[in-house]
There are 2 protein chains.
Amino acid sequence: MIHMNILEAMKALSNQTRLSILQNLREPEKHFPPQDEGDVTIDGVCVGSIQEGIGMSQSTTSTYLASLQRAGLVTSKRMGGWTYYKRNEANIQKLIELLSKEL
Amino acid sequence: MIHMNILEAMKALSNQTRLSILQNLREPEKHFPPQDEGDVTIDGVCVGSIQEGIGMSQSTTSTYLASLQRAGLVTSKRMGGWTYYKRNEANIQKLIELLSKEL
DNA sequence: TCATTATATCTGCATATCTAGAATTGTCAA
DNA sequence: TTGACAATTCTAGATATGCAGATATAATGA
């Protein structure tokens, strides 16, 4: 597991849209349509579905997901032509613990 | 207690200097000199001492403290000519709980 | 190979944040 | 009331972030 960095995580979460993406991915079946391949909870949600969910441009959506990934909050998996993003629960838990101890 | 807002808190903490201020206030006697009046842990630390601790201008320090206060992370108390800032532990705890449930 | 679709990256403009210095306000003591 | 500090607010220029459109890259299937 990557060593979580509080500041980087706070920066990634200091934007309403990025915060919502992470929160919506908590219950993906509730916020995103079924994916053509794979399970929305196990494999993740593709960029296009997330884009529809947040109502922003494709480039912005992709940039935001990359930002969340750099902060260690989500992981991505390429399957065919699609990239599926899901929460990195272990790191999110680690972040909460870090904040409990060091904030 | 004010209802904590995750986004506002994340914005306040998305800056290294503001994050450090909050962290240094965890053990104020370790990071700041004794105050002329009052106890550093009970009453808080004055703006001038915090300014020295972070090495930024007086105006920037004051602005950052105001930002942390708006986010509910610190409280201030005026005593004579000085304003003493300390952590709002109840709200910080509330924030951690909010993040555990909603992040 | 070529066309098509999904995603990522590049470019640029609008807006926000960072930060200091100057000016202002508040408090105390002479 | 005036002078001396402490703190806040105002102003402004430098830097970063917010976003979209254009372009590039990847994968698929005809």
Trainee: Mind listing the closest non-hydrogen atom pair of A:Ser49 and A:Gln35 along with its distance?
Mentor: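 That closest heavy-atom pairing would be OG-NE2, 3.2 Å.
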Trainee: Quick one: B:Leu7 CG to D:dT17 P, roughly how many Å, whole number?
Mentor: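 Between P of D:dT17 and CG of B:Leu7: 16 Å.
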Trainee: Regarding B:Ser57 and B:Thr60, is there a side-chain donor-to-acceptor distance under 3.5 Å anywhere?
Mentor: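 Per modelled atom types, B:Ser57 and B:Thr60 side chains form a pair under 3.5 Å.
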Trainee: Report the distance from atom CH2 of A:Trp82 to atom C1' of D:dG29, rounded to the nearest whole Å.
Mentor: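 Distance check: A:Trp82 CH2 to D:dG29 C1' gives 11 Å.
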Trainee: Among residues 23-41 of chain B, which ones have heavy-atom contacts with DNA chain D below 4.0 Å?
Mentor: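 When residues 23-41 of chain B is checked for heavy atoms under 4.0 Å from DNA chain D, there are no hits whatsoever.
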Trainee: Rounded to the nearest 0.5 Å, what's the gap from CD1 on B:Ile21 to OH on B:Tyr64? Could you check?
Mentor: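 Rounded to the nearest 0.5 Å, the CD1-OH separation comes to 8.0 Å.
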Trainee: How many Å lie between NZ on B:Lys11 and C1' on D:dG18, as a whole number?
Mentor: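 Computing the B:Lys11:NZ to D:dG18:C1' distance gives 11 Å.
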Trainee: For B:Thr75 and B:Gln69, which I'm curious about, is there any donor-acceptor pair between the side chains at under 3.5 Å?
Mentor: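 Checked: B:Thr75/B:Gln69 side chains show no N/O donor-acceptor pair below 3.5 Å.
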Trainee: Look at the side chain of B:Arg26 and the backbone N and O of A:Lys101, then say whether any donor-acceptor pair between them is shorter than 3.5 Å.
Mentor: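 Yes: the side chain of B:Arg26 pairs with the backbone of A:Lys101.
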Trainee: Has the side chain of B:Asn91 got a donor or acceptor atom that lies under 3.5 Å from a matching backbone atom of B:Gly72?
Mentor: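 Present.
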Trainee: Nearest-Å distance, CE (B:Met10) to P (D:dG18)?
Mentor: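 It is 15 Å, rounded to the nearest whole Å.
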Trainee: Examine D:dT17: is either OP1 or OP2 under 4.0 Å from a nitrogen or oxygen in the side chain of A:Asn15? Give yes or no.
Mentor: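 No.
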Trainee: Got a sec? Which of residues 47-63 of chain A come in under 4.0 Å of DNA chain D, heavy atoms?
Mentor: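 Heavy-atom cutoff 4.0 Å gives A:Met56, A:Ser57, A:Ser59, A:Thr60.
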Trainee: Show, in sequence, the C-alpha distance, side-chain angles and deciding distance for A:Leu95 and B:Leu99, and conclude whether the side-chain contact (heavy atoms from CB on, under 4.5 Å) test is met.
Mentor: CA-CA 10 Å; A:Leu95 173 63; B:Leu99 289 171; over 6 Å; no
Trainee: How close do B:Arg18 and B:Ser67 get, heavy atom to heavy atom, and via which atoms?
Mentor: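 Minimum heavy-atom contact is CD-OG, 3.7 Å.
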Trainee: With sequence neighbours left out, what residues match B:Glu97 under salt bridge (Lys or Arg N to Asp or Glu O under 4.0 Å)?
Mentor: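 B:Glu97: no salt bridge (Lys or Arg N to Asp or Glu O under 4.0 Å) contacts found.
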Trainee: Could you list where the contact with chain B starts and ends along DNA chain C, reading 5' to 3', using a 4.0 Å heavy-atom cut-off?
Mentor: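 The contact span of chain B on DNA chain C goes from C:dC18 to C:dC28.
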Trainee: In plain terms, say whether B:Lys86 and B:Asp43 are close enough for a salt bridge, that is, a side-chain N and a carboxylate O under 4.0 Å apart.
Mentor: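 No, no charged N to carboxylate O under 4.0 Å.
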Trainee: Could you check how far CZ of A:Arg78 sits from C1' of D:dA27, rounded to whole Å?
Mentor: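 It works out to 7 Å between those atoms.
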Trainee: Looking at the side chain of B:Thr83, which of D:dA26, D:dA7, D:dC19 is the nearest nucleotide?
Mentor: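 Comparing D:dA26, D:dA7, D:dC19 against the side chain of B:Thr83, the answer is D:dA7.
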Trainee: For A:Ile42, which fellow cluster members are found when Ile, Leu, Val, Met, Phe, Trp and Tyr are connected by side-chain heavy-atom distances below 4.5 angstrom, either directly or through intermediates?
Mentor: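 Listed partners: none, A:Ile42 stands alone.
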Trainee: Go nucleotide by nucleotide along DNA chain D from the 5' end; which of A:Gly80 and B:Tyr84 gets its closest nucleotide reached first?
Mentor: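 Taking each residue's closest nucleotide, the earlier one in sequence belongs to B:Tyr84.
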Trainee: Quick one: do B:Ile92 and B:Met4 end up in the same hydrophobic cluster if we chain Ile, Leu, Val, Met, Phe, Trp and Tyr together by side-chain heavy atoms under 4.5 Å apart?
Mentor: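 Linked, B:Ile92 and B:Met4 end up in one cluster.
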Trainee: Any chance the side chains of B:Gln16 and B:Ser20 put a donor and an acceptor closer than 3.5 Å?
Mentor: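 Yes.
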Trainee: Taking five pairs at each end, how big is the angle between the two axes of the helix from C:dT1-D:dA30 to C:dA30-D:dT1, to 10°?
Mentor: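 It comes to 20° between the two terminal axes.
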